[in-house]
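What follows is one structure encoded as structure tokens, with my remarks underneath.
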Amino acid sequence: MMQGCENPQIDPQSRRAPRVSYRMAEVAATLAEPGTLALFGFGDDAPASTDPRYLQVALQAFDAPAPMELWQVDAPVGCGSDGALRWSAGGGWLFASIELDEREHGGPVATARLAYERLHRFVATREARHVLRVWNYLGAINHGDGDAERYKHFCDGRATGMGDFFAEGFPAATAIGHHGDPHRLQVYLLACDQPGTRVENPRQVSAWRYPRQYGRTPPSFARAMALPAQDVLAISGTAAVVGHASAHQDDLDAQLEETLTNLEALLASAGMAAGFDTRSPLKAYVRHVADAPRVRAFLHSRLPGVPVLLLHGDICRSELLVEIDGWRYA
Ligand code: 3EB
């Protein structure tokens, strides 16, 4: 059964992008704040809540206790759920998430397909039907060789399940491997009642044009998305990929440097001023636990003042050690 409530239309001119922040927070109190669209806890130790706006992300944070991620809008928020799909909406924005167990849905390909079919079917019923940004967290992402790698299976199922979901163009996205229950697939998204503007990175081949060596089904995402109604860039998972090739195998510092160069290239491509600041929260996904302090130190020195959440996650190419995504607010 679909449950939830609707909000009055607001003037698109008055719309502001959701504000994204990390903070030490208590779930119930934060959900009770007006305008809370989504709240994320990270890892096993994160609290549980049945509120559809709350998601316990399967990725472990390197900080203990870990901060939460909060999305806030300047409007009343309604929310509901429909089986495994949970959503909230307010001010022209829509948050939707789905969590599925691959054992219950016929394996990784069928589960990715089902997740995207269900999200598509739901979003199509909403005013906020323009999907701007998607996060995909799956288990054992690099397990299996060549075309049998689980990430490739995920790409196959995602492409089948999305159908014409993204006919206007792919959203910005992240796909990362978590270390929780390997059968657990989490997909969540941000959509809006206005379309965004896709941004590609001139230093990189667009992912949907990757050559065959990266799998049967090229990954379906844009490198970044400029949100409508405000100068905000949602940045996809960005790693040390140049052209279509992974650069600097086994060299963490060089991969971080290349990743920063790619992030700056995206800002330039979006027509934004260079640099990240205190209002530009980023996430760094780090493959090896032992690398976390080095990643932290690097980002602290190169991006001083930038809020960074360090998460233990596997990048979808096994040679990549680190990936960064996030937000840049003008
Ligand atoms: C890359 O640049 C790294 O499959 O949705 C980054 C962001 C990557 C999103 C996805 C994959 C995805 O190709 C991998």
Side-chain angles (χ1 to χ4, degrees), residues 57 59 97-98 108-109 111-113 115-116 119 131-144 147 149-162 165-166 169-178 185-190 198-225 233-249 254-266 269 282-287 311 313-327:
V57 173
L59 297 162
S97 73
I98 190 163
V109 182
T111 305
R113 185 178 67 220
Y116 274 79
L119 287 166
V131 179
L132 306 175
R133 184 69 174 88
V134 184
W135 291 258
N136 307 277
Y137 297 135
L138 55 148
I141 194 168
N142 300 128
H143 193 268
D147 285 347
E149 189 183 33
R150 279 171 50 85
Y151 172 62
K152 314 282 178 29
H153 285 153
F154 167 78
C155 287
D156 293 344
R158 171 172 60 177
T160 314
M162 66 174 61
F165 196 2
F166 306 130
F170 294 127
T174 296
I176 287 287
H178 65 69
L185 173 66
Q186 298 184 306
V187 182
Y188 66 91
L189 61 79
L190 175 69
R198 280 155 196 82
V199 175
E200 288 300 300
N201 180 347
R203 304 182 78 240
Q204 298 181 314
V205 173
S206 290
W208 65 88
R209 297 202 177 108
Y210 278 173
R212 175 66 180 88
Q213 71 200 82
Y214 300 103
R216 283 172 303 267
T217 312
S220 20
F221 67 98
R223 296 293 179 186
M225 181 74 73
L233 191 67
I235 301 169
S236 292
T238 302
V241 172
V242 181
H244 57 71
S246 304
H248 317 299
Q249 206 149 329
Q255 287 194 17
L256 281 163
E257 204 65 68
E258 200 73 66
T259 301
L260 286 197
T261 304
N262 279 329
L263 291 172
E264 287 296 346
L266 281 170
S269 184
L282 302 178
K283 287 196 186 87
Y285 305 93
V286 182
R287 178 181 296 279
L311 297 171
D314 291 337
I315 293 80
C316 62
R317 297 184 185 189
S318 53
E319 66 276 14
L320 294 175
L321 303 171
V322 64
E323 183 171 301
I324 293 176
D325 72 12
W327 304 86

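Note that ligands are numbered from 1 as they come in the structure, with each ligand's atoms numbered from 1 the same way. Because only heavy atoms are used, hydrogens play no part in the values below, and waters and symmetry mates are left out as well, while side chains stay in.
Of the candidates Ala175, Ala172, Ala222, the one placing a heavy atom closest to atom 10 (C) of ligand 1 is Ala175.
The heavy-atom pair separating Asn262 from Val241 by the smallest distance is ND2-O, 3.1 Å. The two residues Thr174 and Asp325 have their closest heavy-atom pair at OG1-OD2, 2.6 Å.
Looking at atom 6 (C) of ligand 1, its nearest protein heavy atom turns out to be Gly237 O, 3.3 Å. Ranking protein heavy atoms by distance to atom 1 (C) of ligand 1, first place goes to Tyr210 OH, 3.3 Å. Closest to atom 5 (O) of ligand 1, if we only count protein heavy atoms, is Arg158 NH1, 2.7 Å. Protein heavy atom nearest atom 4 (O) of ligand 1, with residue, atom name and distance: Tyr151 OH, 2.5 Å. Looking only at protein heavy atoms, the nearest one to atom 12 (C) of ligand 1 is Phe221 CE2, 3.2 Å. Protein heavy atom in closest approach to atom 3 (C) of ligand 1: Glu323 OE1, 3.9 Å.
Considering only heavy atoms from C-beta on, Thr217 stays 4.5 Å or farther from Lys152 through its side chain. Side chains of Val134 and Tyr116 form a contact here, defined as non-hydrogen atoms less than 4.5 Å apart.
Under 4.0 Å is where a charged nitrogen must lie from a carboxylate oxygen, and between Arg203 and Glu258 at least one such pair does.
Taking 4.0 Å as the cut-off, Cys316 counts as a neighbour of ligand 1 on heavy-atom distance. Heavy atoms of Arg223 approach ligand 1 to within less than 4.0 angstrom.
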Step-by-step salt bridge (Lys or Arg N to Asp or Glu O under 4.0 Å) determination, Asp314 to Arg150: CA-CA 12 Å; Asp314 291 337; Arg150 279 171 50 85; over 6 Å; no
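Checked by atom type and distance alone, the side chain of Ser236 pairs as donor or acceptor with a backbone atom of Ala222 at under 3.5 Å.
Short contacts between ligand 1 and Ala173, defined as distances under 4.0 Å to a heavy atom of the residue, involve ligand atoms 5 (O), 7 (C), 9 (C). Atoms of ligand 1 lying under 4.0 Å from any heavy atom of Pro219, numbered from 1 in the order shown and given with element: 4 (O).
Not counting sequence neighbours, Glu200 has no partner by the salt bridge (charged side-chain N to carboxylate O under 4.0 Å, His left out) test.
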